[in-house]
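Reminder, nothing fancy here: chain letters follow the sequence lines and each chain counts from 1.
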Number of protein chains: 2
Amino acid sequence: MLRISKLTDYAVVLATELASGTAPRSVTRLSAITGIPAPTTSKVLKSMTRAGLVDSVRGKTGGYRLSRPADRISVAELIRAIEGSIAVTECADENDGYVCSLQGDCGVRANWQRINRAVEEALESVRLSDMAVPNSPLVPLLRSQDEAEEKRHAEALEVENHG
Amino acid sequence: MLRISKLTDYAVVLATELASGTAPRSVTRLSAITGIPAPTTSKVLKSMTRAGLVDSVRGKTGGYRLSRPADRISVAELIRAIEGSIAVTECADENDGYVCSLQGDCGVRANWQRINRAVEEALESVRLSDMAVPNSPLVPLLRSQDEAEEKRHAEALEVENHG
DNA sequence: CAAATACAGGACTCAGCCGGTCCTGATTGA
DNA sequence: TCAATCAGGACCGGCTGAGTCCTGTATTTG
């Protein structure tokens, strides 16, 4: 799993759609285009508005439009808009006043926080404009040659064990 | 959010503990050490056993122990052991026979899959042995200087909008 | 001004699953 | 044989994710 919510997925789809024009489009319209149920579409867009990612225009010719160019909106921001903060583990949420019920000094905690940062930064680097392109060269996460090599090794081992 | 489950967190904690020795340790023992409730500890270890990450030994002197050296077990494997597959979005799950209810050719889908891969590879590169060390230099995910620069820029903008 | 169209902001519901417990075997060491 | 241990379920309660709906407010248009 390691899931992001369905609503977040919708947010990305809607944002991608909005990226294709500048005139505000209504919930009804966007719902029809994307296939996302109207009330849900509305709900998602409201969250995005509060997060400052889209602007809303009321009245007869109103609707929603991106508040910034698509290359200035990151996937991480979209996730945050819908889900609050990005925290892989409860104890990795740096904003939260969470107290761990397990043994006090589990060194694991600090490491989760770093993994979390890593994931967050990866998502930060993917922009809405990248998502709009069907096969853009996204996030070249693999770092060095040798790390890739080690990885392949680990995967090979794993196959042995699973197969 | 973008959460992994609490159980997965437990799995990492337990595995980390197991990494500190080779003799099998019982659920009771591990529960006492980690602070994780015994039945839950048992449940998690059973999943890990099925996934081939730990070996179980029955009988009076039985218990659990790692099936491999800690540097041969990745965080990704632990996650998979508990949560099945690693899939950021439902539609990004390559194993699943999921049919998207939205409009047919959303280019977003392929991109989610790639983000997913990126995250998965990042988690694959983090090993249990890394988690055991309080402050190991984990996943240097940031790639190039300029990307980091652009990121900072985006964050600055975001602060403006939130403040 | 009045009507129609849109968004804003909640309250509300329903289902799924996560976290947790417990029970009944099977296995093994003493 | 007895006690300790794991195996494999069933089971349950509560949270929250996904979705709907209702009331209010803003804006355009005739």
Side-chain angles (χ1 to χ4, degrees), chain A residues 1-11 13-14 18 23-32 34-65 67 79 81-85 87 89-91 100-102, chain B residues 1-11 13-14 18 23-32 34-65 67 79 81-84 87-91 100-102:
Chain A
M1 317 276 181
L2 189 89
R3 287 271 151 90
I4 61 170
S5 78
K6 225 170 188 177
L7 293 184
T8 302
D9 188 16
Y10 293 164
V13 172
L14 287 168
L18 285 178
R25 264 162 295 172
S26 73
V27 165
T28 314
R29 185 90 185 286
L30 291 168
S31 167
T34 60
I36 302 166
T40 303
T41 302
S42 169
K43 187 181 196 173
V44 171
L45 286 167
K46 278 184 236 177
S47 295
M48 292 167 71
T49 306
R50 268 178 240 124
L53 298 179
V54 303
D55 289 337
S56 69
V57 183
R58 292 192 178 189
K60 206 162 193 176
T61 60
Y64 292 93
R65 73 180 153 220
S67 65
I79 295 178
I82 307 295
E83 321 201 8
S85 66
T89 325
E90 207 166 353
C91 83
C100 185
S101 63
L102 308 187
Chain B
M1 314 278 181
L2 187 86
R3 287 270 154 91
I4 60 170
S5 76
K6 227 173 188 176
L7 293 183
T8 302
D9 189 16
Y10 293 165
V13 172
L14 287 168
L18 285 178
R25 264 163 295 173
S26 73
V27 166
T28 314
R29 184 91 185 286
L30 290 167
S31 167
T34 60
I36 302 166
T40 303
T41 302
S42 168
K43 187 181 196 171
V44 171
L45 286 167
K46 277 184 240 179
S47 296
M48 292 166 72
T49 306
R50 267 178 243 124
L53 298 179
V54 302
D55 289 336
S56 69
V57 183
R58 291 191 177 186
K60 204 159 195 177
T61 59
Y64 293 93
R65 73 181 152 219
S67 66
I79 294 177
I82 307 296
E83 320 202 7
V88 175
T89 326
E90 209 165 350
C91 83
C100 185
S101 62
L102 307 186

Heavy-atom donor-acceptor pair, A:E83 side chain to A:I4 backbone, under 3.5 Å = no

B:R65 CZ to D:dC6 C1': how many Å, rounded?
-> 13 Å

Looking only at side-chain atoms of B:Y64, point me to the closest of D:dA7, C:dG20, D:dT20.
-> D:dA7

Roughly, in whole Å, what's the span from CG in A:D9 to P in D:dG19?
-> 11 Å

Starting from P on C:dC7, measure out to CG on A:L14 and report it in whole angstrom.
-> 12 Å

Atom-pair distance (CD1 on A:I4; C1' on D:dA18), nearest Å | 14 Å

Here the distance between atom P of D:dT5 and atom CZ of B:R29, to the nearest Å, is 11 Å

In the 5'-to-3' direction, what one-character label does each nucleotide of nucleotides 22-30 of chain C receive under the scheme B = base within less than 4.0 Å of a protein heavy atom, S = sugar-phosphate only, - = no such atom?
-> ----BBBS-

A:I36 backbone acceptor or donor facing A:T41 side chain under 3.5 Å | yes

D:dA18 phosphate, OP1 or OP2: any side-chain N/O from A:Y10 under 4.0 angstrom?
-> no

If you measure from OH on A:Y10 to CD1 on A:I82, what distance do you get to the nearest 0.5 Å?
-> 11.5 Å

Can you tell if the side chain of A:R29 reaches within under 4.5 Å of the side chain of A:Y64, non-hydrogen atoms only?
-> no

Rounded to the nearest 0.5 Å, how far apart are CG of A:L14 and CZ of A:R25?
-> 10.0 Å

Please give, in whole Å, the distance from C:dC7 C1' to A:R25 CZ?
-> 16 Å

Show me the donor-acceptor pairs, under 3.5 Å and distance only, between side chains in residues 52-60 of chain A and residues at least two apart or in other chains.
none

Determine: side-chain N/O of A:R50 to OP1/OP2 of C:dA8, distance under 4.0 Å, yes or no.
-> no

Please state how far atom CD1 in B:I82 lies from atom C1' in C:dG20, giving the value in whole angstrom units.
-> 14 Å

Tell me: CE of B:M48 to P of D:dA7, nearest whole Å?
-> 12 Å

Would you say C:dT5 has OP1 or OP2 under 4.0 Å from some side-chain N or O of A:S26?
-> no

Nearest to the side chain of B:S5 - C:dG20, C:dC7, C:dC18?
-> C:dC18

Does A:T28 make a side-chain N or O approach to OP1 or OP2 of C:dT5 shorter than 4.0 Å?
-> no

Go through D:dG19, D:dC6, C:dC7 for me and flag the one nearest to the B:S56 side chain.
-> D:dC6

Report the distance from atom CG of A:L45 to atom OG1 of A:T40, rounding to the nearest 0.5 Å.
-> 10.5 Å

Without swapping roles, check the side chain of A:S42 against the backbone of A:A38 for a donor-acceptor pair under 3.5 Å.
-> no

Does the pair B:S31 and B:T28 meet the rule for a side-chain hydrogen bond (donor to acceptor under 3.5 Å, both in side chains), with working shown?
-> CA-CA 5 Å; B:S31 167; B:T28 314; over 6 Å; no

Where DNA chain C forms stems, i.e. three or more consecutive Watson-Crick or G-U pairs with both distances under 3.5 Å = C:1-30 with D:1-30

If you take all heavy atoms of B:S47 and B:A81, which pair is closest and at what distance?
-> CB-O, 4.0 Å

